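Naming convention: chains lettered A, B, ... in sequence-line order (proteins, then strands); numbering from 1 in each chain. Note that the structure is a prediction, hence the values are computed from the model and not measured.
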There are 2 protein chains.
Amino acid sequence: MLSLTEENYLKAIYHLSDGGAKAVLTNALAVAMNTKAASVTDMIKKLSAKEVITYEKYYGVNVTPKGKTEALMVIRKHRLWETFLVDKLGFAWDEVHEVAEQLEHINSPRLIEKLDEFLGYPKVDPHGDPIPDHKGKIKIQPQVPVDQLQIGFQGKIAAVKDSDSNLLKYLDKIGARPGVKIKVLGKEEYDESMEILIDDHRVFISKAVSQNILVVG
Amino acid sequence: MLSLTEENYLKAIYHLSDGGAKAVLTNALAVAMNTKAASVTDMIKKLSAKEVITYEKYYGVNVTPKGKTEALMVIRKHRLWETFLVDKLGFAWDEVHEVAEQLEHINSPRLIEKLDEFLGYPKVDPHGDPIPDHKGKIKIQPQVPVDQLQIGFQGKIAAVKDSDSNLLKYLDKIGARPGVKIKVLGKEEYDESMEILIDDHRVFISKAVSQNILVVG
DNA sequence: GTAAAATTTTAGATTAGTCTAAAAAATAAT
DNA sequence: ATTATTTTTTAGACTAATCTAAAATTTTAC
Ligand SMILES: [Mn+2]
Ligand SMILES: [Mn+2]
Ligand SMILES: [Mn+2]
Ligand SMILES: [Mn+2]
């Protein structure tokens, strides 16, 4: 149905739209896909023809219900493969995203169901991101990035951004993994750096880092 | 280096050339790739430019040492993935070839080494075909198709052709699996059907079947 | 050893995905 | 409310992979 390239565009649109909540503009998609606006316009016409998005000229695109399901299937595959690579093959969590970008396009419903079973039906991937089930159902709990928290906040790390290997290596070093408890001790006005407690261990993190750690109350 | 399509052509050339032993003609490749001779000519020019084959106009192509290594790496991936699907995910041996055709093009040296380790460095795939090691080394023992055997021959099934799902289901039913002992009892001149003993169980097989079972002495 | 047949290559087109440069539309500024 | 700026779309061109039809070459037949 969708080509590899079309799947990647649709996935990016889904993410940029916050799961289908808002419209996505041409330039935003061009940045996300590391391509030019003209190429994006061409592609969104194709995706629109395939009825996975709706397109209003000059006003961006929206994901259709059909498109949302398709995007969630690609995301399901991506996250199941990342889980496989870490849990079964012993990859580090910063090494899996690139490979999963390839594996997510393997087309075999039977394979992905068998893989899900083999992994024990995991609920989240190695970075804490929820894995949609075989119907595309995904459990989203409201996650807040650390840089938006008040001083004194206490909670648990839910997930971290998975696409930057160096960030993940650093997060691993300071113990910032999904499930670990976190508390905000202080915030520096000047550079928005923060002092936080990660599993009772005190660390200072820059805004670049605090934006990429997501917590739940 | 090579595109997915180029990898598929190179693999087909390698197989048709009997592991690099003989030249491959345009039409033979067109049949194998299910495409037209004109398309093959275009592609072999590209593969020739990338120095994985040598090309003499009107006289076919030969695999270079570099091309042989690249072909063996694709075959290595294909057979490791088939082994994974059967041994770890519980696929039947007739269900894996199509999926492996996709998975063989995933590009990640680390992934394939980890997978090899996870599978316990298997020597053969589910159909009995040898798996090249990480250096491309492959152990080839002279295998003979059953239809070419003399009456009275005794030996062991080494491998079976893996690309036809219905054939594999039938072979499974008559117990014709790699490792099983086999003996030729008789041969019918008219239709070249044969009477054979598979693991001491007497069966009659057509030429279409006997061609696809490979044995060692 | 020339003519017919088969094989292979070339020529010209098509589709997917991309690009640059120019035109069109929307947004911001005066 | 025009003008200027930014954003988006269109136009035209390029590469990879494919096709059909025609030309070139090799092989087979007589
Ligand atoms: Mn990822
Ligand atoms: Mn992808
Ligand atoms: Mn196979
Ligand atoms: Mn393939």
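- Rounded to whole angstrom, the span from the OH atom of A:Tyr9 across to the C1' atom of C:dA16 amounts to 11 Å.
- For D:dT6, neither phosphate oxygen OP1 nor OP2 lies less than 4.0 angstrom from any side-chain nitrogen or oxygen of A:Asn27.
- The CG atom of A:Leu25 sits 10 Å away from the P atom of D:dT7 (whole-angstrom rounding).
- Considering only side-chain N and O atoms, B:Ser3 lies under 4.0 angstrom from the phosphate OP1 or OP2 of D:dA17.
- For the pair A:Tyr59 OH and D:dT7 P, the interatomic distance rounds to 15 Å; values are reported in whole Å.
- In this structure, A:Leu2 atom CG and C:dA16 atom C1' are separated by 14 Å, rounded to whole Å.
- In this structure, OH in B:Tyr14 is found 4.0 Å from CG in B:Leu72, a value given to the nearest 0.5 Å.
- Here D:dT27 presents its P atom at 11 Å from OH of B:Tyr58, a figure rounded to the nearest Å.
- Within the nucleic acid shown, B:Thr26 comes within 4.0 Å of sugar-phosphate atoms alone, with no base atom in reach, counting heavy atoms only.
- Distances shorter than 4.0 Å separate some side-chain N or O of A:Thr41 from OP1 or OP2 on D:dT9.
- Following rounding to the nearest Å, B:Leu47 (CG) and D:dA17 (C1') show an atom-to-atom distance of 12 Å.
- Residue A:Thr35 has no polar side-chain atom (N or O) positioned under 4.0 Å from OP1 or OP2 of C:dG17.
- Between the side chains of B:His78 and B:Asp125, no donor N or O sits under 3.5 Å from an acceptor N or O.
- We find the NE2-CD1 distance between A:His105 and B:Ile106 to be 9.0 Å, quoted to the nearest 0.5 Å.
- Rounded to whole angstrom, the span from the NZ atom of A:Lys36 across to the C1' atom of C:dA22 amounts to 16 Å.
- Note: CG (B:Leu29) to P (D:dA17) measures 14 Å, nearest angstrom.
- Note that NZ of B:Lys50 is 3.5 Å distant from CD of B:Glu6, once rounded to the nearest 0.5 Å.
- Distances shorter than 4.0 Å separate some side-chain N or O of B:Ser39 from OP1 or OP2 on D:dC19.
- A salt bridge (Lys or Arg N to Asp or Glu O under 4.0 Å) with A:Arg76 is found for one member of A:Glu113, A:Glu104, A:Glu82 and no other, namely A:Glu113.
- Under 4.0 angstrom from either OP1 or OP2 of C:dT9 there lies at least one side-chain N or O belonging to B:Tyr55.
- Between A:Lys46 and the phosphate of C:dG17, there is a side-chain N or O to OP1/OP2 separation shorter than 4.0 Å.
- The nearest heavy atom of DNA chain C to B:Ala28 and to A:Met43 marks one nucleotide each, and the one closer to the 5' end goes with B:Ala28.
- For the OP1/OP2 pair of D:dT26 and a distance below 4.0 Å, the side-chain nitrogens and oxygens of B:Lys57 include no atom meeting the criterion.
- B:Thr5 comes within contact range of the sugar-phosphate backbone alone, with a heavy-atom separation under 4.0 Å but no base atom that close.
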